[in-house]
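Everything on this sheet refers to the single structure shown next.
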Amino acid sequence: MTTFLLVHGAWHNGQIWNRVVPLLESAGHRVLSPSLTGYGQKAQLLSPEVGLGTHVDGVAGLIESERLDDVVLVGHSYAGMVISGVANRFPERIAQLVFLDAMVPEDGESAVDVLPVTKQLIDVAVDGWRVPPMPELPPPLGLFGVTDPDDVAWLRSTLSDHPVRCLQEPVWLGNPAARTIPRTHIHCLEGTPAGITRRPVPAGERVRELPTGHDCMITMPVELTRLLLEVAA
């Protein structure tokens with residue numbers, strides 16, 4: 001049995017994995033898909049003080065409290081920042097890192113450094129600290145790459161604002177042991193908005209692709225699960 005810890009991206013919450021969790025569990029694995037501070041059942045904790053460090057602490061605390069080891073740690077989108085910070089803290093507990101259409105930072109970088117287009121989001125933040133969810137765009141962009149009307153309606157009902165501090169705080173990656181954790185990058189190939197670019201994947205790190213939009217756990221849950229099981233094998 002493998003333990004999967006699935007970490008959602010900005011604006012989303014743990015429900016985003018609802019189609020993937022039962023597929024992994026039916027294959028005999030343990031799956032945790034928490035909502036980060038400020039989202040889902042923790043929405044009441046959203047504040048200007050919530051930042052990247054808050055989210056790293058939250059996931060690291062879950063690993064400690066649940067006594068998790070040999071974890072396949074999956075980060076979607078912004079959560080590439082989060083899982084990088086967690087791996088730096090507990091490299092001995094992480095078996096695999098999976099960057100799911102995710103930000104991949106270097107030591108000392110913020111989300112703005114990794115993806116400079118996010119600076120535009122900060123500039124239009126409500127009350128100076130709340131970044132509203134991205135708007136729905138015409139297909140194939142849709143809402144985070146989701147275009148089915150029923151799925152779009154459900155997804156929209158789950159979204160909430162994202163604190164500016166999450167985009168501005170740097171992640172610290174000074175633990176050399178973290179660089180020895182095997183890494184897989186899953187890229188979603190369709191509906192990439194203007195200004196979104198990917199850094200080259202370092203040699204020796206595995207790359208997989210899905211022919212769908214950003215929120216692939218909604219649009220291609222079976223195919224995504226297959227890739228995650230491949231990583232764990």
Side-chain angles (χ1 to χ4, degrees), residues 1-10 12 14 16-17 20-21 23-24 27 29-36 52-111 113-115 166 169-188 198-210 214-217 221 223-233:
M1 181 183 72
T2 296
T3 297
F4 289 89
L5 179 47
L6 312 178
V7 186
H8 65 82
H12 296 63
I16 196 69
W17 305 103
V20 172
V21 170
L23 297 176
L24 290 171
H29 303 293
R30 184 183 183 190
V31 188
L32 296 89
S33 55
S35 291
L36 299 173
L52 174 59
T54 310
H55 294 156
V56 171
D57 289 345
V59 176
L62 179 62
I63 290 174
E64 283 193 302
S65 65
E66 295 289 332
R67 300 180 180 179
L68 304 180
D69 286 298
D70 295 321
V71 176
V72 175
L73 184 57
V74 182
H76 178 236
S77 195
Y78 154 78
M81 305 289 297
V82 179
I83 67 170
S84 295
V86 173
N88 187 71
R89 191 172 302 182
F90 292 136
E92 72 282 359
R93 295 191 175 192
I94 310 301
Q96 299 272 350
L97 285 173
V98 180
F99 292 86
L100 179 56
D101 220 33
M103 297 182 180
V104 185
E106 297 294 337
D107 185 34
E109 288 190 322
S110 69
D113 296 319
V114 178
L115 200 61
C166 294
E169 281 189 352
V171 64
W172 303 111
L173 308 176
N175 189 342
R179 291 300 306 176
T180 67
I181 302 171
R183 295 181 171 206
T184 297
H185 304 260
I186 300 176
H187 295 162
C188 299
R198 292 191 183 95
R199 291 175 167 179
V201 174
E205 298 185 8
R206 182 162 45 181
V207 178
R208 297 292 183 266
E209 297 176 340
L210 287 172
H214 187 56
D215 279 2
C216 58
M217 65 289 290
E223 294 83 355
L224 173 58
T225 299
R226 187 178 300 123
L227 291 181
L228 294 178
L229 292 174
E230 175 189 323
V231 168

* Asked: Only one of L227, V231, L228 clears side-chain contact (heavy atoms from CB on, under 4.5 Å) with R208; which?
  -> L227
* Structure fact -> When every non-hydrogen atom of I83 is compared with those of G75, the smallest separation belongs to CD1-N, 3.6 Å
* Any chance you could measure L73, atom CG, to I181, atom CD1, to the nearest 0.5 Å? => 8.5 Å
* Asked: Does the pair R198/E209 count as a salt bridge with the N-to-O cut at 4.0 Å?
  -> no
* Decide yes or no for V104 and R183: does some side-chain heavy atom of the first lie under 4.5 Å from some side-chain heavy atom of the second? => yes
* Asked: If only atom types and distance count, is the side chain of E109 paired as donor or acceptor with the main-chain N or O of V114 below 3.5 Å?
  -> no
* From I63 atom CD1 to L68 atom CG, the distance as rounded to the nearest 0.5 Å -> 6.0 Å
* Heavy-atom pair with the smallest gap, counting every atom of C216 and L224 -> SG-CD2, 3.9 Å
* Non-hydrogen atoms of A87 and L97 that approach each other most closely -> CB-CD1, 3.8 Å
* Student check: side-chain heavy atoms of V201 and H187 closer than 4.5 Å -> yes
* Is a side-chain donor-acceptor pair under 3.5 Å present for T54 with D57? -> no
* Asked: Could you walk me through whether W172 and D107 pass the side-chain contact (heavy atoms from CB on, under 4.5 Å) check?
  -> CA-CA 5 Å; W172 303 111; D107 185 34; 3.8 Å; yes
* **Rounded distance [0.5 Å steps], OG in S84 versus CE in M103** => 11.0 Å
* Structure fact -> For Y78 and H55 the tightest heavy-atom approach is OH-ND1, 2.9 Å
* If you measure from OG1 on T184 to CD on E230, what distance do you get to the nearest 0.5 Å? -> 7.5 Å
* Asked: Is any side-chain heavy atom of V86 less than 4.5 Å from a side-chain heavy atom of R93?
  -> no
* Which distance, rounded to the nearest 0.5 Å, do you find between the NE2 of H8 and the CD1 of I16? -> 9.5 Å
* To do: Would you mind reporting whether H12 and M217 have side-chain heavy atoms less than 4.5 Å apart?
  => no
* Asked: Which of parallel (below 30°), tilted (30 to 60°) and perpendicular (above 60°) describes W17 and H76?
  -> perpendicular
* Any chance you could measure E92, atom CD, to N175, atom CG, to the nearest 0.5 Å? => 8.0 Å
* Taking L5 as the fixed residue, which of V74, L62, I94 is the one that meets the side-chain contact (heavy atoms from CB on, under 4.5 Å) rule? -> L62
* Close side-chain approach of L36 to V59, heavy-atom, < 4.5 Å -> yes
* Would you say T2 and D70 make side-chain contact, with heavy atoms under 4.5 Å? -> no
* Asked: Do NZ/NE/NH1/NH2 and the carboxylate oxygens of E106 and R199 come within less than 4.0 Å?
  -> no
* Do P105 and L173 come close enough that some side-chain heavy atom pair is under 4.5 Å? -> yes
* Test item: D101 side-chain N/O and D215 main-chain N/O as donor-acceptor pair under 3.5 Å -> no
* Work out which heavy atom in V56 is nearest to a heavy atom in G85; give both atom names and the distance. => CG1-C, 3.8 Å
* Of the non-hydrogen atoms in P170 and G108, which two are nearest, and what is the gap between them? -> CB-O, 3.3 Å
